[in-house]
Protein chains: 2
Amino acid sequence: MKLHQLKYVHEVARQGLSVSAAAETLHTSQPGVSKQIQLFEEELNLQIFQRNGKRLTGITMPGQIILKLAANVMFELDNIKRVGDEFSKVESGTLTIATTHTQARYKLPAAIQQFMLAYPQVKLNLHQGNPTQVTDWVATGEADIGIATESIGQEPRLVCLPCYEWNRSLVVPKGHPLTQAPLLSLQDFAHYPLITYDFAFTGSTTVSKVFHDAGVTPNVVLTAIDADVIKTYVNLGLGIGLIASMAFDEKRDESLVRLDCSHLFPQSTTYLGMRKDTFMRGYLYDFISMLSPQFNRSAIDEVFKITR
Amino acid sequence: MKLHQLKYVHEVARQGLSVSAAAETLHTSQPGVSKQIQLFEEELNLQIFQRNGKRLTGITMPGQIILKLAANVMFELDNIKRVGDEFSKVESGTLTIATTHTQARYKLPAAIQQFMLAYPQVKLNLHQGNPTQVTDWVATGEADIGIATESIGQEPRLVCLPCYEWNRSLVVPKGHPLTQAPLLSLQDFAHYPLITYDFAFTGSTTVSKVFHDAGVTPNVVLTAIDADVIKTYVNLGLGIGLIASMAFDEKRDESLVRLDCSHLFPQSTTYLGMRKDTFMRGYLYDFISMLSPQFNRSAIDEVFKITR
DNA sequence: CCATATTACGGCATGCGTAACGATC
DNA sequence: GATCGTTACGCATGCCGTAATATGG
């Protein structure tokens with residue numbers, strides 16, 4: 001069994017069962033890839049790919065399993081390489097962060113700026129997506145850490161650190177009747193068209209549950225993936241917006257008024273997730289500390305010790 | 001990076017830092033091993049082994065990490081090979097069970113006999129040791145499954161299935177005064193010399209806690225690793241024996257009397273543990289079912305789904 | 001007929017083994 | 001001086017790449 005064979009098989013699957021495409025991205029020849037896959041299948045005494053004559057048409061059941069295991073092995077090998085970089089004091093490399101819009105736009109910038117100054121040699125990648133994608137990217141190793149709310153805690157391959165708590169605010173145009181209300185109630189929501197996050201987003205399930213339990217049916221006229229879009233539409237007078245409090249910027253959003261809702265909804269927690277088997281490079285610890293100062297190196301190690 | 005290099009490094013460490021010994025067991029030449037390790041270290045830009053001139057004297061810190069990761073990789077590769085065997089319908093292979101004396105002697109025989117009849121091609125290995133060793137063997141992949149009480153649940157790399165509950169019994173020679181007691185109490189224990197399991201054993205911590213909480217100090221005159229030894233000494237009239245109820249055999253132990261103690265001690269659970277990332281071969285499922293019928297294939301899959 | 005996988009074959013790099021060397025205990 | 005790890009060198013294996021062939025859409 002050769003490492004190349006694992007890579008080849010993995011890449012062929014990733015390229016949608018195309019040997020030629022895989023050979024391309026692997027900077028090698030098609031026949032080479034073809035041959036090695038055959039040898040590999042021969043050694044294991046099974047077919048990984050279904051073939052129709054000379055065309056690859058699917059992945060067999062054992063193939064599925066093998067691909068998964070192969071991905072694991074390659075991840076571990078990456079870990080080994082990282083140990084090398086780490087201890088040779090070359091504090092360079094890549095840090096890929098998967099996160100949602102709100103985090104990327106309002107919470108991460110401070111930590112990222114600080115990090116880039118401390119580690120100018122480290123290349124930063126931001127993968128932006130919805131919480132499910134974030135979880136997935138981290139689980140498959142495409143991203144080093146993921147930052148999102150709730151759903152990231154479900155994936156058993158990940159370790160989760162609670163980063164910070166947050167709640168929601170209502171944003172309305174200046175002079176809106178609700179700005180006169182003494183204390184906002186859930187019932188107030190029903191009287192105005194509501195604009196809020198996509199329901200694929202976590203937090204939203206929390207929100208919808210609160211409304212449901214209170215017997216209030218909000219009139220959701222528009223859902224968006226990010227707070228900036230929501231605020232834009234609120235500005236246009238199309239409704240009132242329910243967003244994460246941190247997504248309100250006193251200066252930039254001076255045409256809007258923020259009404260705190262923390263008495264109406266339970267707090268949500270933003271988690272930071274990593275694969276349990278990630279090798280913790282020095283700058284990973286530091287990044288986490290910058291984002292969430294209560295986690296120093298030993299606190300993080302402690303969490304890993306408990307979970308994995 | 002080559003697979004051999006991982007193997008070589010691993011084996012050299014396992015052989016107590018001897019390149020020659022490693023080369024021996026790997027059926028290759030010393031210079032080959034030496035060279036490959038150097039190349040590997042060079043590629044990673046770090047030293048795995050500390051050297052005093054030309055002698056290997058220790059393992060560096062990064063080396064420790066790398067050895068661990070390398071062991072993981074090799075375990076995953078084994079998994080891949082097993083998938084091969086599994087799907088090529090060759091129901092042969094090896095099943096290594098790590099367990100304690102009591103389980104091996106009184107609980108496993110039935111399941112093992114049944115298993116050997118069903119899978120004559122599978123070679124069975126029994127590793128016997130104390131619960132800590134059992135846990136360790138499974139965690140490192142030396143054994144496929146481990147069967148022991150309590151402590152096996154602490155290791156986070158393992159999945160645990162609760163197999164069965166059990167409690168303890170007191171064994172005394174026929175005609176012993178305690179056989180006349182209406183219902184055994186903890187106080188009764190203090191009046192006679194007690195022989196029981198080694199305190200390294202789990203269950204024993206439970207037992208000692210019960211005595212401690214009751215303010216009773218038993219007079220432990222002898223501890224042993226297994227029930228057979230305990231029973232032997234009870235037979236010799238050296239004391240009363242506290243053992244797992246299942247370790248009493250009505251026929252073989254007819255010179256002794258068993259007094260149930262389930263009203264005195266909390267029940268203990270015997271767990272079956274496997275590495276979370278084990279590839280589950282068909283016969284592994286079957287063995288578990290034979291040992292603990294409430295676990296059919298889907299029940300086991302369910303547990304894995306939750307834990308890993 | 002084009003795209004794509006497999007087969008055939010030659011060059012080349014890499015790993016292995018023997019022999020020699022050097023160092024440590 | 002014996003054991004053990006490293007260096008040197010020749011050989012064989014096996015991988016890669018080009019060219020040719022077969023097979024599907």
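Computation of the quantities below employed the complete heavy-atom set of this structure, encompassing side-chain atoms and omitting hydrogens, waters and symmetry-equivalent molecules. This one's a predicted model, so the numbers in the text were calculated from it and none came from an experiment.
Heavy atoms of A:S29 sit under 4.0 angstrom from at least one base atom. As judged by a 4.0 angstrom heavy-atom cut-off over every strand, A:K35 is placed among residues making no nucleic acid contact. B:Y8 comes within 4.0 angstrom of the backbone, heavy atoms only, and of no base. B:L17 comes within 4.0 angstrom of sugar-phosphate atoms only, judged by non-hydrogen atoms across all strands, and of no base.
Nucleotide D:dG5 holds its C1' atom 15 Å from the CG atom of B:L39, rounded to whole Å. Summarising the geometry, the separation between CD on A:Q30 and P on C:dC2 is reported as 17 Å, rounded to the nearest angstrom. In this structure, the CG atom of B:L26 is 16 Å from the P atom of C:dG15, given to the nearest Å. Distance CD (B:Q38) to C1' (C:dT14): 16 Å, rounded to an integer number of Å. We find that CD of B:Q5 is positioned 14 Å from C1' of C:dC16, with the value rounded to whole Å. One can place CG of B:L56 at 16 Å from P of C:dA23, the figure rounded to the nearest angstrom. Protein atom NZ of B:K54 is 16 Å distant from nucleotide atom P of C:dA20, rounded to whole Å. Residue B:I37 contributes atom CD1, which lies 13 Å from atom P of D:dT7 at whole-angstrom precision.
Counting heavy-atom neighbours within 6.0 Å of B:R14 CZ, excluding the residue itself, gives a total of 12 or less.
Residue B:N52 places its side chain closer to C:dC25 than to any other of D:dG24, C:dC25, C:dG17. Taking only side-chain atoms of B:T28, from C-beta outward, the nucleotide of C:dT6, C:dG22, C:dC16 with the closest atom is C:dC16. Looking at the side chain of A:Q36, the nearest of the listed nucleotides D:dC15, C:dG15, D:dT6 is D:dC15. Closest to the side chain of A:K2, out of D:dC15, C:dA5, D:dT6, is D:dC15. For A:R55, the side-chain atoms get nearest to C:dT4 when compared with the rest of D:dG5, C:dT4, D:dT6. Considering only the side chain of A:P31, C:dA8 comes nearest among C:dT18, D:dT23, C:dA8.
For the pair A:H27 and A:T57, both in contact range of DNA chain D, the more 5′-proximal nearest nucleotide belongs to A:H27.
Side-chain polar atoms of A:D228 and A:H101 form a donor-acceptor pair below 3.5 angstrom. For the 3.5 Å distance criterion, the side chains of A:E42 and A:Q38 fail to qualify, holding no donor opposite an acceptor. For the residue pair B:E24 / B:S20, no side-chain donor-acceptor distance below 3.5 Å is found, with atom types taken as modelled.
Between A:D286 and A:R281, none of the side-chain N atoms (NZ, or NE/NH1/NH2) sits under 4.0 Å from a carboxylate O, so this pair counts as no salt bridge. Salt bridge present: B:E41 and B:R51 bring a charged side-chain N and a carboxylate O closer than 4.0 Å.
Taking 4.0 angstrom as the limit, B:S20 places none of its side-chain polar atoms (N or O) nearer than this to OP1 or OP2 of D:dC4. Listed pair B:R51 / C:dT24 fails the phosphate criterion, with no side-chain N or O lying under 4.0 Å from OP1 or OP2.
Note that the two end axes of the helix from C:dC1-D:dG25 to C:dC25-D:dG1 enclose an angle of 40°, each drawn from 5 base pairs, rounded to 10 degrees.
Checked by atom type and distance alone, the side chain of A:R105 never pairs as donor or acceptor with a backbone atom of A:Q103 at under 3.5 Å.
Cation-pi geometry between B:R297 and B:Y285 is met: under 6.0 angstrom from the ring centre, within 45 degrees of the axis.
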